Each structure stands twice: as structure tokens, then as C-alpha cells.
Protein chains: 2
Amino acid sequence: MPANPDRDLPLRERKKLRTHRALVDAALRLFLERGFDEITLDEVVDEVEVSKRTFFRYFSSKEDVATAAETELWDAYVAGFARTPLDGPVLATLRRALVSALEGMDAEWERRFIATRGLIARTPALRDHSNVCSLRTQERLVEQIESKLAVDSRADVRLRLLGELAVGAWRCGAKNWVRQERHSERKGHGARDTLVSRVVEAFDALPSAVVMTPEAAEGD
Amino acid sequence: MPANPDRDLPLRERKKLRTHRALVDAALRLFLERGFDEITLDEVVDEVEVSKRTFFRYFSSKEDVATAAETELWDAYVAGFARTPLDGPVLATLRRALVSALEGMDAEWERRFIATRGLIARTPALRDHSNVCSLRTQERLVEQIESKLAVDSRADVRLRLLGELAVGAWRCGAKNWVRQERHSERKGHGARDTLVSRVVEAFDALPSAVVMTPEAAEGD
DNA sequence: TGTAAACTGCCACTGAATGACATTATTGCT
DNA sequence: AGCAATAATGTCATTCAGTGGCAGTTTACA
């Protein structure tokens with residue numbers, strides 16, 4: 001349990017991080033045990049011994065707490081991309097930053113993330129929420145691209161398309177990864193590597209997808 | 001008021017279409033007058049003189065009724081694409097089918113659609129819902145591509161990428177169209193043409209976006 | 001005409017989500 | 001160390017989207 005926040009933080013901040021973490025963990029555990037739709041927020045907050053009002057001070061919705069692991073990844077991605085200068089193909093930079101974010105997350109996150117994606121895959125409301133969050137991330141990336149290039153995405157639609165391409169590649173790669181994991185007994189070690197591979201594969205397939213014809217389709 | 005459904009339909013079907021239409025129209029009118037979040041479903045159903053229980057037999061959510069015009073477009077797109085044989089670049093077929101769907105919708109739909117997009121643009125919950133619907137449409141397109149090509153999208157990630165590219169282009173083009181319309185006094189005639197142009201522009205920019213470098217960015 | 005199926009409405013209820021305001025805990029300064 | 005200010009939390013009432021169960025009404029068909 002990595003509840004050892006930065007000792008330099010004031011007590012208030014430390015307590016907030018603890019509560020946030022406790023809510024995320026309790027929620028994920030309960031949702032995994034009995035299903036997202038079968039657990040009420042009252043049950044979650046009872047576990048952590050906080051009020052529901054407090055819950056909503058930390059999370060904007062029930063779906064938010066359930067998909068916290070993904071949010072952490074998006075935050076890392078956007079922060080990493082912000083720190084990366086643009087040189088060479090923009091899409092390659094977007095790809096590199098995403099891979100870097102994925103590889104930089106710790107092992108505890110990985111366990112939570114894998115469990116979260118499984119939960120998302122079998123819960124329609126969470127699938128929708130996950131998609132919404134990915135699109136919001138696109139928007140943040142586009143804003144950064146606009147800023148880095150000093151160009152408005154209305155003037156050049158390619159800037160907005162880059163957001164679609166990057167996060168779209170993630171959606172495709174992650175989707176295929178989940179579907180593959182569902183058929184695999186290897187639920188632990190190596191799953192992240194496989195996810196990275198699938199995402200990279202999707203990025204790399206973009207140029208070909210753009211010009212693909214029916215004859216180019218591989219038989220199954 | 002195009003409430004003249006097919007005379008060949010049984011009375012039951014005709015009444016259902018009428019109720020569906022009435023709910024869509026009342027909801028959109030009220031939402032536009034006072035804002036999506038300010039109108040309750042009780043107000044909407046009172047206008048149409050049906051029960052809320054009936055409302056939920058027609059629509060799965062409040063957001064659903066608000067974005068009906070978009071749903072109609074997606075349905076037309078998917079149906080049109082289903083009827084279109086794949087030849088030449090797949091993306092070009094996807095593009096053609098979308099343009100064809102857009103141009104095939106009638107003038108009454110166009111008015112509703114423009115109003116709906118304006119409402120979506122200023123309502124966060126509807127923006128999210130609209131995005132979710134577009135992603136669901138992607139899924140339907142991918143399923144059709146899989147079927148047409150007799151290939152599983154897990155075996156070839158490009159199939160899923162094609163869905164992202166097509167509907168992603170829509171999102172980019174439509175987004176820029178809405179932002180442009182917001183600054184334009186021409187709210188009526190010609191708006192659809194402009195939307196088509198922006199969407200086509202986005203499709204056409206995909207090959208360039210994939211390889212774009214910072215030096216290739218246009219100044220504003 | 002009568003019956004079955006489809007459709008609608010009533011009603012109670014649930015649970016996510018919110019606003020107002022009181023209470024408690026922490027911080028920073030003297 | 002004490003205190004005032006600030007931040008965080010909890011209580012409580014409420015709203016409203018959404019659902020299930022079941023009775024009543026309408027339509028279709030033999």
C-alpha cells in the first residue's frame with residue numbers, strides 16, 4: 001500500500017491524498033467484486049468512512065472514481081507531451097510521449113490499470129466514460145499542439161486531426177489488447193509490454209490505413 | 001411539420017412515429033429556449049402529454065432526445081455505407097458515404113441539426129453524449145468493414161483505425177464548422193454546404209496529418 | 001365480436017448528484 | 001502557546017433522471 005505521500009507536503013495535502021487513494025482503492029475493489037452497477041456510492045464511502053459529500057469533492061462522478069487509473073495515465077501523457085519539444089513528425093512525438101507515459105507508470109498502477117480495463121470492458125457506462133475521457137485528452141493535446149506551433153486548429157485542421165490520430169491509435173491498440181487479454185491466461189507480468197506493442201502497432205499502421213484498399217486486407 | 005408518416009404503416013406504427021417526433025420537437029424547442037440543464041423531463045413529457053415512462057420507452061436518456069438529429073444522421077450514414085460496395089481506398093468510400101448521407105437529409109432535418117449542434121456546443125453533457133454516439137457509430141462501421149472484408153479487426157488493426165479516421169475526420173470538421181458558425185451571421189442557407197466542405201477538408205487532410213512536421217504548420 | 005398482443009400510464013422507488021450551512025481540523029502568525 | 005483565519009469535512013434536505021411492477025387502454029386479427 002503506497003500510502004507514503006511526500007513528507008514535504010503539509011498535513012492537509014497528505015490527508016487529501018490518502019482519502020483520494022482510499023476511495024479509489026475501495027471503489028475498485030468493490031466494483032470488481034460485485035460489478036460497477038451493483039455497488040452504490042454509499043457503500044464505497046462507508047468503506048472509507050467519509051461522507052458522500054466529500055466523495056463528490058474528490059470525484060465528479062461514480063464513473064470518475066472507477067476509471068481513476070486511466071485518468072492517471074492521461075495526466076502523465078499530457079504532462080509528458082507538454083515537456084517534449086516538437087521535432088520530426090508530430091505523430092511520432094505523440095507516440096513517443098504515450099509510450100513513455102505507459103512505461104513510466106509504476107507496478108501498483110499497472111495492477112490497478114489492468115483490473116480497471118477489465119471492468120470497463122464489461123460495463124457499458126464505463127466504456128462510454130472511458131471514451132469521453134480519451135476525447136477530452138485529445139482536446140488537451142490539441143491545445144498543446146496549437147500552442148507549440150502557434151497555429152489555431154481552425155486554420156489548419158491537421159492539428160485537431162493529430163489529436164484524433166494519436167488517441168485513436170490508443171483506443172484501437174488498447175481495445176485489441178483487452179480483447180486479447182480476455183483470451184489469455186497471462187493476466188499479470190508482461191501485460192503492459194503487450195499493451196505497448198499493440199498501441200505502437202496501431203500508430204505504425206496509420207499511414208497504411210489511410211490508403212488501404214480492400215485488396216490490401218489480410219485474410220484471417 | 002412533416003408528421004405525415006407512411007400511409008402503409010399500421011396505426012400503431014404511425015402513432016409511435018408521431019409520439020417520437022413530438023417528443024424530439026418539444027424537447028429541442030424547450031432546451032433551446034432555456035437550456036438543456038434547465039428543463040426537466042417532466043416538462044418535456046407534459047408538452048407532449050405522455051408519461052415519463054413512455055418517454056423512456058422511446059429514448060434511453062435525456063441526452064438521447066436532445067441529440068436525435070445527430071442520431072438520424074449516423075443511422076443514415078451506417079445504412080448508406082452498408083449498401084456501398086468497397087472498391088478503391090476504403091477511406092474514400094467512408095468519406096463518400098458520409099457526404100452522401102449529409103446531402104440526403106431533408107431541409108427540416110437541417111434546421112434541427114444546426115440548432116442541435118449549437119445546443120451541444122454549449123452543453124458539456126451533450127458534448128460528451130455526442131462524442132459517445134460518434135464512437136458507437138465507429139464501432140458499427142468497423143463491424144461492417146470486418147464483414148465486407150471478411151477480416152477480424154484484431155488480426156488487422158487497420159480496420160479499426162479506419163473507423164477512427166472516418167469518424168475522427170467528422171469530429172474535426174464538424175467542430176471547426178460549429179466554431180465558424182458561431183462567428184457567422186449566416187445561420188441558415190448554406191450551412192450544410194459549409195459543413196460538408198469542412199468534413200471533406202478534414203478527410204483530405206488525413207494523409208498529410210499523418211506525416212506532418214512542425215515546419216509544415218501554417219502560420220495563422 | 002372476442003381475444004391476444006402491443007402500448008400506455010400510474011406509482012413507488014432508487015441512487016447519483018447538489019446546495020446550504022454547521023462543525024472540525026490545520027495552518028500561520030504573534 | 002494561543003488564537004484567528006482558512007481549509008476541509010459532515011449533515012441534511014432536496015432534485016431529478018431513470019427503473020420496475022402492474023393495471024388499464026388500444027389495436028390487430030381470426
Side-chain angles (χ1 to χ4, degrees), chain A residues 5-24 26-28 30-31 34-68 119 123-129 132-133, chain B residues 5-24 26-28 30-31 34-68 119 123-129 132-133:
Chain A
D6 195 340
R7 294 288 167 88
D8 292 334
L9 290 177
L11 185 58
R12 272 183 170 142
E13 290 303 318
R14 276 185 276 143
K15 293 190 74 171
K16 279 167 65 182
L17 284 172
R18 245 176 256 143
T19 300
H20 182 275
R21 169 92 298 114
L23 285 168
V24 169
L28 185 58
L30 290 167
F31 295 154
R34 291 166 31 215
F36 178 77
D37 293 321
E38 277 66 48
I39 300 293
T40 63
L41 284 178
D42 279 328
E43 289 174 84
V44 175
V45 299
D46 281 348
E47 280 284 306
V48 182
E49 299 182 318
V50 296
S51 68
K52 209 152 69 164
R53 194 67 194 82
T54 294
F55 173 91
F56 281 109
R57 291 198 174 103
Y58 284 86
F59 303 96
S60 52
S61 66
K62 187 182 174 186
E63 287 77 15
D64 227 19
V65 73
T67 55
L119 182 65
T123 314
L126 292 184
R127 268 200 304 277
D128 289 344
H129 186 72
V132 163
C133 291
Chain B
D6 194 340
R7 293 290 165 88
D8 293 333
L9 290 177
L11 185 58
R12 273 186 165 136
E13 290 304 316
R14 275 185 277 142
K15 293 190 75 170
K16 279 167 65 180
L17 284 172
R18 247 178 254 139
T19 301
H20 181 275
R21 170 91 301 117
L23 284 166
V24 168
L28 186 58
L30 289 168
F31 295 154
R34 292 166 29 215
F36 177 77
D37 292 321
E38 278 66 48
I39 300 292
T40 64
L41 283 178
D42 279 329
E43 288 175 83
V44 176
V45 298
D46 282 348
E47 279 284 306
V48 184
E49 299 183 318
V50 296
S51 68
K52 206 152 74 169
R53 194 67 193 82
T54 294
F55 173 89
F56 281 110
R57 290 193 175 106
Y58 284 85
F59 302 97
S60 51
S61 66
K62 187 183 174 186
E63 287 78 18
D64 226 20
V65 73
T67 55
L119 182 64
T123 314
L126 292 184
R127 268 199 306 274
D128 290 343
H129 186 70
V132 164
C133 291

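Below, read A as the first sequence line, B as the second, and so on, with proteins coming before strands; counting in each chain starts at 1. This one's a predicted model, so the numbers in the text were calculated from it and none came from an experiment.
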CG on A:Leu41 to CG on A:Asp46, rounded to 0.5 Å: 10.5 Å

Euclidean distance, atom CZ of residue B:Phe55 to atom P of D:dT19 [Å, nearest integer]: 11 Å

Sugar-phosphate only, base, or nothing, as touched by B:Tyr58 at under 4.0 Å among non-hydrogen atoms: sugar-phosphate

Length of the line joining A:Glu13:CD and D:dT6:P, which is rounded to integer Å: 17 Å

Toward the 5' end of DNA chain C, by each residue's nearest nucleotide, A:Asp42 or A:Arg53: A:Asp42

Phosphate contact (C:dA17 OP1 or OP2) by A:Lys52 side-chain N/O below 4.0 Å: no

Test side-chain contact (heavy atoms from CB on, under 4.5 Å) applied to B:Leu30 and B:Val44, step by step: CA-CA 7 Å; B:Leu30 289 168; B:Val44 176; 4.2 Å; yes

A:Ser51 side chain near D:dG10 phosphate (N/O to OP1/OP2, under 4.0 Å): yes

Distance-only donor-acceptor test, A:Arg57 side-chain atoms vs D:dG10 base atoms, 3.5 Å: yes

Touch class at under 4.0 angstrom, heavy-atom based, for B:Glu43 against every strand present: nothing

Side-chain (A:Glu13) to main-chain (A:Pro10) donor-acceptor, under 3.5 angstrom: no

Distance, rounded to the nearest Å, where B:Phe59 contributes CZ and D:dC16 contributes C1': 19 Å

Gap separating the NE2 atom of A:His20 from the CG atom of A:Leu17, nearest 0.5 angstrom: 8.5 Å

Worked verdict on B:Val24 versus B:Phe59 for side-chain contact (heavy atoms from CB on, under 4.5 Å): CA-CA 10 Å; B:Val24 168; B:Phe59 302 97; 3.6 Å; yes

Selected nucleotide, minimal atom distance to B:Phe56 side chain, candidates D:dG18, C:dA17, D:dA28: D:dG18

Nucleotide nearest B:Thr54 (side chain, heavy atoms from C-beta), chosen from D:dT9, C:dT27, C:dT8: C:dT8

Candidate nucleotides C:dA17, D:dA8, C:dT8, ranked by approach to the side chain of A:Lys16 - the nearest: D:dA8

Under-4.0 Å side-chain N/O to phosphate OP1/OP2 contact, B:Thr40 with D:dC16: no

Nearest-neighbour nucleotide for the B:Lys62 side chain, D:dT27, C:dT26, D:dA17 considered: D:dA17

Gap between atoms CD1 and P, on B:Ile39 and D:dT15 respectively (whole Å): 17 Å

Side chain of A:Arg12 (C-beta onward), nearest among C:dA25, C:dG9, D:dA17: C:dA25

Closest-nucleotide 5' rank along DNA chain D - winner of B:Lys15 and B:Ser60: B:Ser60

